[in-house]
Amino acid sequence: SMTTSNHLRHVESLSILPSGAGKIPRLNAVILGEALASEEDDLVFPSQEFSQNALVSSPQKYLEMYRRSVEDPAGFWSDIASEFYWKGKWGKQVCSENFDVRKGRINIEWFKGGITNICYNCLDRNIESGNGDKIALLWEGNEPGCDGSLTYNQLLEKVCQLANYLKDAGVRKGDAVVIYLPMLMELPIAMLACARIGAVHSVVFAGFSAESLSQRIVDCKPKVILTCNAVMRGPKLINLKHIVDAALAESTQKGVAIDICLTYGNDLAMKREDTKWHEGRDIWWQDVIPKCGTTCPVEWVDAEDPLFLLYTSGSTGKPKGVLHTTGGYMVYTATTFKYAFDYKPIDVYWCTADCGWITGHSYVTYGPLLNGATVVVYEGAPNYPNAGRCWEIVDKFKVSIFYTAPTLVRSLMREADEHVTRYSRKSLRVLGSVGEPINPSAWRWFFNVVGDSRCPISDTWWQTETGGFLITPLPGAWPLKPGSATFPFFGVQPVIVDEKGSEIEGECSGYLCVRSSWPGAFRTLYGDHERYETAYFGAFPGYYFSGDGCSRDKDGYYWLTGRVDDVINVSGHRIGTAEVESALVSHPQCAEAAVVGVEHEVKGQGIYAFVTLVEGVPYSEDLRKSLVTTVRTQIGAFAAPDRIHWAPGLPKTRSGKIMRRILRKIASRQLDELGDTSTLADPGVVDQLITLADA
Ligand code: WT7
């Protein structure tokens with residue numbers, strides 16, 4: 001296609017390639033920053049040694065593979081898929097898709113007819129190839145000194161025991177299981193056990209409130225919920241069972257009752273006898289699982305059978321159940337993990353994400369285990385008991401690949417470098433970043449201080465919906481630019497379009513779309529295929545629309561600039577403004593609310609809420625607190641507004657639509673950029689809001 005060949009031609013002609021390859025990285029960020037005409041001109045090269053040993057060692061090698069991946073996707077991906085175990089081979093068509101709403105129903109299928117099991121490929125396959133005694137999971141508890149591990153053999157036994165229990169409990173292929181667990185080894189064990197028997201897991205991040213949990217339960221109607229009584233996060237005890245009890249009471253009221261609540265007794269956080277118990281429904285994990293058989297036959301499934309559901313935020317109040325299937329997701333997460341981190345079997349890999357988010361699905365559990373990797377699972381907070389904890393863990397386990405979010409980098413960067421430099425970090429080889437754009441200064445600190453100017457950073461751009469990385473560096477191949485996610489992964493054809501949906505070529509900025517599917521793409525929104533089609537394929541017909549803005553520089557590098565829809569990104573967590581608004585207006589004294597994102601030094605974006613109170617209610621500090629509490633209890637602590645702005649009125653068009661563009665400018669105090677306010681029903685409200693902001 002046009003774009004493909006353009007992309008190829010463009011990168012092939014880059015002037016930086018021959019002279020640049022193999023140069024040593026420049027070290028001094030401050031001098032560097034000053035000397036640059038623009039960020040685009042800052043190139044950080046992998047060392048010659050790194051490149052020589054890398055899986056993809058040069059831009060030329062990347063181009064060769066990339067070309068094949070887009071010119072012959074069927075051949076490219078089926079070669080890779082053949083490295084996995086398939087009980088039965090897929091049909092003639094490796095991929096069949098309709099990506100264009102104008103041509104009918106959106107439909108994506110990869111390896112259809114192929115029969116496999118992702119748990120088998122993560123565990124049994126690696127054991128059969130001789131890695132049974134290799135460590136699969138290295139667990140580090142919240143308290144330093146509290147740890148554990150499981151080899152591939154041991155992990156398989158644990159997974160089989162739980163799988164057998166679930167089967168006895170009546171869970172069958174295609175049934176949903178909700179998992180509400182903190183970062184114990186039981187969390188990946190639970191995911192794998194579901195996958196083994198063909199059940200569809202839906203992990204709910206254990207920071208979500210009872211109401212959010214019950215909303216998800218009501219949507220997917222699980223047979224069983226897997227949880228634990230409590231967890232310590234930093235110095236704080238979180239009573240998860242309490243939240244689950246409330247969620248189950250609420251979902252029962254809404255007609256979805258769960259028969260079994262299998263509860264892991266997390267003795268380090270809370271004694272079992274102190275846990276509130278619902279006889280008949282609640283069952284202690286430790287009472288039943290050790291008695292279950294340690295082998296469990298695999299339920300073989302079609303490549304297109306569902307693997308999991310993961311709820312994420314969109315621009316309406318209702319979370320979307322993103323559905324991923326088995327075969328394509330398996331091949332895609334494994335391949336992206338391997339190449340983006342230049343994974344080698346001796347690596348020790350740590351991703352700080354929680355399995356409650358997509359990053360934990362694809363790059364704590366599936367991608368790494370499919371590669372037979374040793375994975376660190378950390379229960380606690382990254383700055384507990386102090387800002388050096390991450391590097392203590394890196395040294396303790398000799399972590400070689402460290403993957404985290406810019407928000408953590410920025411928060412650690414504010415502390416003395418000594419918290420980093422007092423640890424060796426010699427084991428580190430590759431660093432990774434995910435969740436939001438990483439600002440160049442955080443990038444440089446991560447590179448220079450954490451990585452000792454030695455370790456390439458893979459800034460991976462992707463989404464819950466994409467299953468795996470779409471734009472990412474391959475660390476040995478390309479010179480990096482701090483703040484750029486660089487180039488598309490194999491098989492991915494990014495397209496930048498203008499408001500009209502016309503593709504723009506060359507150096508430009510616009511909306512980031514993707515032309516045609518990749519194996520890891522989500523297949524639908526659970527129970528709402530129509531929303532899937534309109535939300536992702538309706539805006540720019542013919543393309544998948546990511547919801548992100550993006551620019552492409554003169555060298556063809558991609559720079560992600562953040563969401564262009566009503567979704568905000570707080571510490572790498574995606575939050576729909578509409579969800580926060582509906583939580584706020586559920587407060588009896590709140591009449592109306594409008595939420596926007598504002599720049600936040602550590603979180604990336606902060607939540608800024610304009611609130612109109614019910615007639616006659618005076619604004620007070622207590623009311624502010626109570627509004628914030630409402631959001632915490634309805635969504636979760638991570639969605640609590642940073643700022644409440646009292647708004648006697650909101651700027652609306654004559655048809656009643658709130659003009660967020662104006663609110664964003666007021667929230668970020670860019671008052672000279674308010675733009676045209678003449679179309680407002682009552683332009684006076686703007687001045688009112690500005691005055692109140694200063695007060
Ligand atoms: C949104 C997806 C899948 C990763 C965890 C978040 C933003 C993600 C990057 C990056 C710039 C990024 C985008 C995207 N995002 N990674 N490397 N550079 N922006 O998953 O909750 O589905 O959110 O996160 O805005 O659309 P998610």
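Counting starts at 1 for both ligands and their atoms, following the listed order.
In summary, Lys318 and Asp528 do not engage in a salt bridge, as defined by a charged side-chain N under 4.0 Å from a carboxylate O. The pair Asp548-Arg563 meets the salt-bridge criterion, since a charged nitrogen lies less than 4.0 angstrom from a carboxylate oxygen. Comment: Arg410 engages Glu436 in a salt bridge, judged by a side-chain N to carboxylate O separation of less than 4.0 angstrom.
Of all atoms in ligand 1, numbered sequentially from 1 with element shown, those under 4.0 Å from a heavy atom of Arg574 are 2 (C), 21 (O), 22 (O), 23 (O), 27 (P). The ligand atoms of ligand 1 that sit less than 4.0 angstrom from a heavy atom of Asn569 are 7 (C), 24 (O). Near Thr359, meaning under 4.0 Å from one of its heavy atoms, ligand 1 places the atoms 4 (C), 5 (C). Atoms of ligand 1 lying under 4.0 Å from any heavy atom of Leu560, numbered from 1 in the order shown and given with element: 11 (C). Taking a cut-off of under 4.0 Å to the non-hydrogen atoms of Asp459, the atoms of ligand 1 that pass are 10 (C), 17 (N), 18 (N). Against a heavy-atom cut-off of under 4.0 Å, Ile358 is close to the following atoms of ligand 1: 3 (C).
Around atom 17 (N) of ligand 1, the closest heavy atom drawn from Val434, Ile568, Thr460 belongs to Thr460. Among Trp357, Trp559, Trp462, Phe469, the residue whose heavy atom lies nearest to atom 2 (C) of ligand 1 is Trp462. For atom 18 (N) of ligand 1, the nearest non-hydrogen atom from the set His573, Arg563, Glu436 belongs to Glu436. Of the candidates Ser484, Gly549, Gly435, it is Gly435 that places a heavy atom closest to atom 7 (C) of ligand 1. The residue among Ile438, Asp565, Asp548 with a heavy atom at the shortest distance from atom 13 (C) of ligand 1 is Asp548.
Arg531 places no side-chain N or O within donor-acceptor distance of the main-chain N or O of Tyr526, the cut-off being under 3.5 Å. Judged purely by atom type and a 3.5 angstrom limit, Thr365 has no side-chain atom pairing as donor or acceptor with the backbone of Pro188. Checked by atom type and distance alone, the side chain of Arg233 pairs as donor or acceptor with a backbone atom of Gly380 at under 3.5 Å. No side-chain donor-acceptor contact under 3.5 Å links Asp347 to the backbone of Tyr343.
Aromatic ring centres of Tyr366 and His361 lie farther apart than the 6.0 Å criterion allows.
Under a 4.0 angstrom heavy-atom cut-off, Pro437 registers as being in contact with ligand 1.
Considering only non-hydrogen protein atoms, atom 22 (O) of ligand 1 sits nearest to Thr464 OG1, 2.5 Å.
Exactly one residue among Thr460, Thr336, Thr333 makes a side-chain hydrogen bond (donor to acceptor under 3.5 Å, both in side chains) with Tyr363. That residue is Thr336.
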